[in-house]
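Comments concern the structure below.
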Amino acid sequence: MSDTPETKPRSHGRKTIRPTLKPRELITPTPDLAGVWKAKVITLFPAAFPGVLGESLTGKALQDGLWQLETIELRQFGEGKHRNVDDTPAGGGAGMVLRPDVLGAALDAAQEGTHGPWPLIYLSPRGRPMTQNLMRQLASGPGVTLLCGRFEGIDERVIEHYGIQEVSLGDFVMTGGEIAAQALIDATVRLLPNVLGNAASTEEESFSNGLLEHPQYTRPAEWNGRKIPDVLMSGHHGEIAKWRRAQSERLTRERRPDLWQAHQDKPEQD
């Protein structure tokens, strides 16, 4: 067995689907599609992708070539016979830290062929929170490279050298960044043109205007003794809009006082 690493990344997504009793195959080598938003993911576990991203609307959009996913296995850049990617923390301590030389080689390979404002993001609990505004920014660009950490994290010098942004899924710690990376990709891809099919879907949901989304209802009109609010059955679109706005404000005020305060502080639009 050769020690020479196989550096060919795996590209996800294609435009044809063969009938099969097995889950849809979403891992096939495909050329880059011009002008298509692309996520590159550096990970020790490329088999974790596309995961849930291969299902439902994001999966269909992946198949239809509306976006692309490329996984880059970090292990192939490892050092020595066993492709080591980590070492003990300088100064002592528990766990292992991903090596800067290994990460640097992977990042250099990932950034080949990128163009325009192509951000590098490290999924980290100490990063800035994921927000809808961040997803809009990412969706407006050509793509993003995501670095999934493991163990105790990555060498700080890599973050400094490459100007990597740190982004957090929430105030908790997971075993790695793969789940957070999928969450970020999902929230971004759904904002791309033609993925949802109905642009209004993203205009009326939570965070689109700084508020949480209003309650939603559907048939039957009565369930377990609970009725759909009369205003929603009235057909009066002006009153429905006012009710939904009031409900959004109420929920935001009760559940997310931070968002409510930010909403209150925004300058009024003329």
Side-chain angles (χ1 to χ4, degrees), residues 7-15 24-77 103 106-124 127-150 154 158 162-169 174 176-196 202:
T7 58
K8 184 177 180 180
R10 297 198 306 176
S11 182
H12 303 247
R14 60 180 184 179
K15 291 196 173 184
R24 288 182 303 167
E25 181 188 347
L26 291 170
I27 305 173
T28 55
T30 59
D32 283 343
L33 300 176
V36 173
W37 190 88
K38 185 171 188 177
K40 297 188 175 189
V41 183
I42 301 173
T43 173
L44 281 168
F45 302 100
F49 295 85
V52 71
L53 298 171
E55 304 299 329
S56 190
L57 294 174
T58 54
K60 183 178 185 302
L62 184 61
Q63 290 283 333
D64 291 344
L66 298 181
W67 69 286
Q68 288 189 295
L69 173 64
E70 179 182 315
T71 53
I72 300 165
E73 185 175 4
L74 183 60
R75 184 71 65 183
Q76 66 184 334
F77 300 95
L103 291 171
L107 285 164
D108 289 343
Q111 291 304 92
E112 289 182 6
T114 60
H115 59 279
W118 195 291
L120 291 171
I121 291 180
Y122 167 46
L123 288 311
S124 164
R128 61 182 282 200
M130 290 188 193
T131 63
Q132 191 72 0
N133 188 51
L134 172 61
M135 306 312 170
R136 290 194 195 98
Q137 293 174 23
L138 294 177
S140 68
V144 63
T145 296
L146 302 176
L147 173 58
C148 300
R150 281 277 154 175
I154 72 175
V158 176
Y162 288 94
I164 296 174
Q165 302 177 47
E166 294 184 71
V167 173
S168 172
L169 182 60
M174 298 189 295
E178 285 75 15
I179 293 175
Q182 291 196 19
L184 183 147
I185 294 171
D186 181 277
T188 302
V189 166
R190 65 191 305 278
L191 298 177
L192 298 176
N194 302 317
V195 170
L196 292 188
T202 61

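The figures here come from the full heavy-atom set of this structure, side chains too, leaving out hydrogens, waters and symmetry mates.
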request  = Run the numbers on Leu184 and Leu146 for side-chain contact (heavy atoms from CB on, under 4.5 Å), then give the verdict.
outcome  = CA-CA 9 Å; Leu184 183 147; Leu146 302 176; 4.0 Å; yes
Q.
Between Phe77 and Leu103, is the side-chain contact (heavy atoms from CB on, under 4.5 Å) condition met? List the steps.
A. CA-CA 8 Å; Phe77 300 95; Leu103 291 171; over 6 Å; no
Begin with the C-alpha distance, continue with both residues' side-chain angles, and end with the deciding distance and a verdict on side-chain contact (heavy atoms from CB on, under 4.5 Å) for Leu169 and Leu123.
CA-CA 8 Å; Leu169 182 60; Leu123 288 311; over 6 Å; no
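For Gly143 against Pro119, the heavy-atom pair with the smallest separation is O-CD, 3.3 Å. Of all the heavy atoms in Ala139 and Thr188, the pair that sits closest is N-CG2, 3.6 Å. Nearest heavy-atom pair, Ser124 versus Glu166, reported as atom, atom and distance to 0.1 Å: OG-OE1, 3.1 Å. Taking every heavy atom of both residues into account, Ile185 and Ala39 meet most closely at CD1-CB, 3.9 Å. Residues Ala181 and Cys148 approach most closely at CB-SG, 3.8 Å, considering heavy atoms.
Rounding to the nearest 0.5 Å gives a distance of 9.5 Å between CG of Leu191 and CG of Asp186. Interatomic distance, CE of Met174 versus CZ of Arg150, reported as 9.0 Å (0.5 Å rounding). To the nearest 0.5 Å, atoms CG (Leu107) and CD1 (Ile42) are separated by 4.0 Å. The CD1 atom of Ile72 lies 11.5 Å from the CZ atom of Phe49; values are rounded to the nearest 0.5 Å. Annotation: the span from Trp37 atom CH2 to Leu69 atom CG amounts to 8.5 Å, rounded to 0.5 Å. With rounding to the nearest 0.5 angstrom, the OG1 atom of Thr43 is 8.0 Å from the CD atom of Glu73.
For the side-chain contact (heavy atoms from CB on, under 4.5 Å) criterion with Asn133, the lone passing option out of Arg136, Met130, Met135 is Arg136.
Contact check for Val189 versus Leu66: no side-chain heavy atoms found under the 4.5 Å cut-off. The shortest distance between side-chain heavy atoms of Val158 and Ile164 falls below 4.5 Å. Looking at Val144 and Ile121, their side chains come closer than 4.5 Å, going by heavy atoms from C-beta outward. Contact check for Asn194 versus Asp64: no side-chain heavy atoms found under the 4.5 Å cut-off.
A donor-acceptor pair under 3.5 Å is absent between the side-chain atoms of Gln111 and the main chain of Thr145, judged by distance alone. Side-chain atoms of Trp67 come within 3.5 Å of backbone atoms of Thr58 as a donor-acceptor pair (strictly under, hydrogens ignored). Remark: side-chain polar atoms of Gln68 are paired, donor with acceptor, to backbone N or O of Leu33 under 3.5 angstrom.
Heavy atoms of other residues, nucleotides or ligands lying less than 6.0 angstrom from CG of Leu134 number more than 12.
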